[in-house]
Trainee: 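Please see the structure below; I have some questions.
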Number of protein chains: 2
Amino acid sequence: MDEERIEKLREKGIAPTIQRLVVLQYLEESTTHPTVEEIYEALKGQYPTFSKATVYNTLQVLTQAGLIQELTIEKEKAHYDPRPDIHHHFFCRRCHRIYDVEIDCSVVKRGMVEGHKIEMVQAYFYGLCARCREEGDA
Amino acid sequence: MDEERIEKLREKGIAPTIQRLVVLQYLEESTTHPTVEEIYEALKGQYPTFSKATVYNTLQVLTQAGLIQELTIEKEKAHYDPRPDIHHHFFCRRCHRIYDVEIDCSVVKRGMVEGHKIEMVQAYFYGLCARCREEGDA
DNA sequence: TTTCAGATTTAGAACAAATATAAATCAAGA
DNA sequence: TCTTGATTTATATTTGTTCTAAATCTGAAA
Ligand SMILES: [Mn+2]
Ligand SMILES: [Mn+2]
Ligand SMILES: [Zn+2]
Ligand SMILES: [Zn+2]
C-alpha cells in the first residue's frame with residue numbers, strides 16, 4: 001500500500017495527489033536513477049492526462065522537501081534518486097548505468113571543508129563498470 | 001609569453017590558433033571556474049570576430065585532450081577549470097563562487113570502487129562559504 | 001448540497017545552453 | 001601561386017527545463 005507514501009508527503013506538508021504518489025512510487029521502486037523523460041514515458045500510459053510538466057513540478061517539490069535528490073552526473077539531463085541521504089555514484093561511460101557507491105568520507109562527516117560549511121554533497125565517479133569490464137574490452 | 005601554451009597544445013596535436021591560445025590563457029589566469037558566457041564576454045572585445053561557437057569548440061578540444069576539465073556543479077551551465085587533475089570543489093549557494101578544495105581521498109587513489117574502474121572523479125560540496133558565513137547570517 | 005478559494009495539473013509557449021550545419025577564412029605544403 | 005584540410009564563424013536547430021495561463025480538483029464554508 002501507499003499509506004506510507006501518503007504519510008511521508010503529509011509530514012512535509014505536501015498534498016498527496018495521485019500524480020505525486022505515482023511519481024514517488026515509481027522512483028522508489030527504481031534502481032536506475034531515472035530522468036524526467038524516463039519517468040514520464042513509464043507513467044503516461046498508466047494515467048491518460050498525465051503531463052510532463054507535472055513530472056517536473058513533482059520532482060522539484062519532492063527535492064525541495066528533501067524526500068529525493070537530484071543528480072547532475074550527466075551534463076545534458078538531471079537524474080533523480082529516491083534516496084535523499086548523502087551517498088556517492090558511479091557512472092559507466094559504456095552502458096551509462098548509474099550505480100550507488102557506499103563510501104563514508106570523513107570530510108562529509110565533519111560537515112566542513114576549508115572553512116566552508118557543507119550542506120550537501122555530490123560525488124561522481126566516472127569510468128568503466130564491473131559488468132562492462134567483464135564483457136568486451138576498452 | 002605563451003610559448004609554453006603553444007607547446008602544451010602542440011604536444012597534444014592541437015593546432016595553436018590565436019583563438020585557442022586566448023581561451024586557454026584566459027582560463028589559466030582565472031580562478032573562478034568560468035562559464036562559456038563569461039569566457040566569451042571577456043574575450044570578444046579583444047578579438048573583433050571572435051565567436052561563441054569557437055569558445056564551445058575550443059573548450060571541447062581542450063577538455064578531450066585532458067588539458068582542462070569541465071564541471072557539472074551547476075545544473076544549468078557548465079563551468080571550466082584550467083586544472084586537469086582530480087581535485088574537489090565547493091559551491092556557495094549564496095555568492096555562487098566555486099572554490100578548489102584540497103582533499104585526497106583513498107578511494108580515488110585506489111582507482112577502484114566496488115569493482116568499477118575509476119577514470120575520472122567530480123566531487124561537489126554545496127553550502128555556505130567561509131566568506132559569506134562571516135558576513136550576514138543564513 | 002452548493003459555492004467558493006486556493007492548490008494542483010495541464011498543454012503549450014518561451015527560454016537558455018549546447019550542438020549541428022554550412023559557408024568563409026586561414027595556413028601549410030606542393 | 002594553387003590546393004587541401006583544418007578552423008572559425010554566423011546561424012539554425014535541438015534539447016532539457018521553466019514559465020504561463022487556463023482548466024480541474026479538493027475541501028471548507030455557507
Ligand atoms: Mn543513488
Ligand atoms: Mn578547480
Ligand atoms: Zn557499464
Ligand atoms: Zn559565498
Trainee: Could you tell me the boundaries of the chain A footprint on DNA chain D, defined by atoms under 4.0 Å from its heavy atoms?
Mentor: dG16(D) to dT18(D)
Trainee: Starting from Leu9(A) and following side-chain heavy-atom contacts under 4.5 Å between hydrophobic residues (I, L, V, M, F, W, Y), which residues can be reached?
Mentor: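 Answer for Leu9(A): Ile6(A), Ile14(A), Ile18(A), Leu21(A), Val22(A), Val23(A), Leu24(A), Tyr26(A), Leu27(A), Val36(A), Ile39(A), Tyr40(A), Leu43(A), Tyr47(A), Phe50(A), Val55(A), Tyr56(A), Leu59(A), Val61(A), Leu62(A), Leu67(A), Ile68(A), Tyr80(A).
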Trainee: Who passes ring pair (Phe, Tyr, Trp, His ring centres under 6.0 Å) against Phe125(B), sequence neighbours left out?
Mentor: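 Applying ring pair (Phe, Tyr, Trp, His ring centres under 6.0 Å) to Phe125(B) gives none.
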Trainee: Show, in sequence, the C-alpha distance, side-chain angles and deciding distance for Leu128(A) and Arg93(A), and conclude whether the side-chain contact (heavy atoms from CB on, under 4.5 Å) test is met.
Mentor: CA-CA 6 Å; Leu128(A) 200 59; Arg93(A) 65 163 155 80; 3.8 Å; yes
Trainee: Could you give me the CA-CA distance, side-chain angles and deciding distance for Glu135(A) and Arg133(A), then say whether salt bridge (Lys or Arg N to Asp or Glu O under 4.0 Å) is met?
Mentor: CA-CA 5 Å; Glu135(A) 304 174 4; Arg133(A) 211 146 44 81; over 6 Å; no
Trainee: Run the side-chain hydrogen bond (donor to acceptor under 3.5 Å, both in side chains) test against Tyr126(B) and tell me which residues pass, sequence neighbours left out.
Mentor: none
Trainee: Take atom CD1 of Ile39(B) and atom P of dA17(C), then tell me their distance rounded to the nearest Å.
Mentor: 13 Å
Trainee: Could you tell me whether the side chains of Glu70(A) and His79(A) share a donor-acceptor contact shorter than 3.5 Å?
Mentor: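 No.
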Trainee: Ignoring backbone atoms, establish whether Thr17(A) has a side-chain N or O less than 4.0 Å from OP1 or OP2 of dA7(C).
Mentor: no
Trainee: Going by number, which of residues 19-32 of chain A have a non-hydrogen atom under 4.0 Å from DNA chain D?
Mentor: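 Nucleic-acid contacts, sorted: none.
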Trainee: For atom CD of Glu29(B), is the number of surrounding heavy atoms from other residues, nucleotides or ligands below 6.0 Å larger than 12?
Mentor: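 Yes, because the 6.0 Å sphere around CD of Glu29(B) holds more than 12 heavy atoms from other groups.
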Trainee: For every nucleotide of nucleotides 25-30 of chain C, 5' to 3': is a protein heavy atom under 4.0 Å from its base (B), only from its sugar-phosphate (S), or from neither (-)?
Mentor: ------
Trainee: Can you name the salt bridge (charged side-chain N to carboxylate O under 4.0 Å, His left out) partners of Arg83(B), sequence neighbours left out?
Mentor: Asp85(B), Asp100(B), Glu102(B)
Trainee: Applying side-chain hydrogen bond (donor to acceptor under 3.5 Å, both in side chains), can you list everything that pairs with Glu11(A), at least two apart in sequence or on another chain?
Mentor: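 Residues passing side-chain hydrogen bond (donor to acceptor under 3.5 Å, both in side chains) with Glu11(A): none at all.
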Trainee: So, are Arg5(A) and Glu7(A) salt-bridged, with charged N and O less than 4.0 Å apart?
Mentor: no
Trainee: Walk me through whether Lys8(A) and Glu28(A) qualify under salt bridge (Lys or Arg N to Asp or Glu O under 4.0 Å).
Mentor: CA-CA 12 Å; Lys8(A) 216 168 166 180; Glu28(A) 286 182 346; 2.4 Å; yes
Trainee: Are any side-chain N or O atoms of Thr72(B) and backbone N or O atoms of Thr72(A), one a donor and one an acceptor, separated by less than 3.5 Å?
Mentor: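 Looks like yes, one N/O pair under 3.5 Å.
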Trainee: Excluding sequence neighbours, so at least two apart, what forms side-chain hydrogen bond (donor to acceptor under 3.5 Å, both in side chains) with Lys12(B)?
Mentor: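 In terms of side-chain hydrogen bond (donor to acceptor under 3.5 Å, both in side chains), with neighbours along the sequence ignored, Lys12(B) is linked to no residue.
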Trainee: Which residues in residues 74-82 of chain B have at least one heavy atom lying under 4.0 Å from any atom of DNA chain C?
Mentor: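 Close to the strand are Glu76(B), Lys77(B), Ala78(B).
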Trainee: Would you please name every residue forming a ring pair (Phe, Tyr, Trp, His ring centres under 6.0 Å) with His87(A), sequence neighbours left out?
Mentor: His89(A)
Trainee: With a 6.0 Å cut-off on the ring centroids, do His88(B) and Tyr124(B) count as close?
Mentor: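 No, too far apart.
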Trainee: Which residues within residues 48-71 of chain A lie with some heavy atom under 4.0 Å of an atom in DNA chain C?
Mentor: Thr49(A), Phe50(A), Ser51(A), Ala53(A), Thr54(A), Asn57(A)
